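Right, one structure below, let's go through it.
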Amino acid sequence: MSEHPVPVLSQEDVFNYDAYLFDADGTLWTHDEPIPGAIKFVQELISRNKKVFIITNNSSRSTRRYLQKVTRLGFPVEEKNIISPNTIIIDFCKRNPHFIRKGIYLIGNIGSKEALEEALDVECFGIGHDPMPDAAGEGFPSTITLEKEASCVVVGDDPHFSYLKLIKATNFLADPNCGFFIANEDATLPNDTYILPGTGCFAAALRTAVLPREPVLFGKPGEPMGRYLKNNLELNPEKTIMFGDRLDTDIKFGSVNGFDTCWVRTGTHSVNDVNRAIDGDDKSLVPMFTFSFTDVQ
Ligand SMILES: [Mg+2]
């Protein structure tokens, strides 16, 4: 009996695809360490003229800056092969310019601001520390000032997320024409030493405040990212495979887009998580295969 809950992708079959999509942290690397065998596997794919893309939910830097990390780690990919929620937000806003007619209220960080402002002729405002007007911290402000106008609210990783930002975003979104965009709904961020709540926590707070409005989710497993890959990058789903360590983002993203899916055992989700998915109702969480890059001869 196999020690894994899903079949191992065989060495014969692993090169049968045209396009290979990889999650980043937990799949190709852990923090600043490449996963054993990952660089060699990506090199082998490129030498076989396969399409290779890194599909990250990290919106906290531009793809240009992300490439610096990818290159430093030793992966031979180009900027156009890195797809982040920013890539999809930028493409979407270019096609729907009314969302950038005014400004972008950004619950995010300097990296997201740089990425969006560099690609779109728009001002992103709202990042950084934004203290409550009542310095004593008692009660709620009698009034607040929305310094500028926003055509959309974008939610990403924000180490300065606050109640005042939630108030501001909620009031921008009271206008039904203001777009409600979320980079990802990840519950946690990759971190070794303690648990870091992720963008999903900020998104959930804002979602609750603006019910019944629904956001557009630009990262995995959201629809816009899959549509972008199929339409703009001309991926044939039947010849595409998604590798990832998380079931709720990577594997679900592959499943809902008709890609084959391969769970790697080097990140967040464990054998127990896969077994729970197998017994659960949402079959899009169940990977088709598992694989270790070190298995490639
Ligand atoms: Mg991951």
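Keep in mind that what you see is a predicted model, and the values were worked out from it rather than measured. We're numbering straight along the sequence, starting at 1. As the structure lists them, so they are numbered: ligands from 1, and atoms in each ligand from 1.
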ILVMFWY cluster, Val264 and Leu9 together (side-chain gap under 4.5 Å): yes
Atom of Asp25 closest to the Mg ion (ligand 1), considering N, O or S atoms: O
Considering only N, O or S atoms of Asp23, the one closest to the Mg ion (ligand 1): OD2
Return a table of donor-acceptor pairs under 3.5 angstrom between the side chains of residues 29-38 and protein atoms on other chains or two or more places apart.
from, atom 1, to, atom 2, distance (Å)
His31, NE2, Asp192, OD1, 3.4

The Mg ion (ligand 1) to nearest N/O/S of Asp245 below 2.8 Å: yes
Side-chain donor or acceptor of Asn81 paired with backbone N/O of Glu78 under 3.5 Å: yes
Residue pair Ser60 / Asn58, side-chain donor-acceptor N/O under 3.5 Å: yes
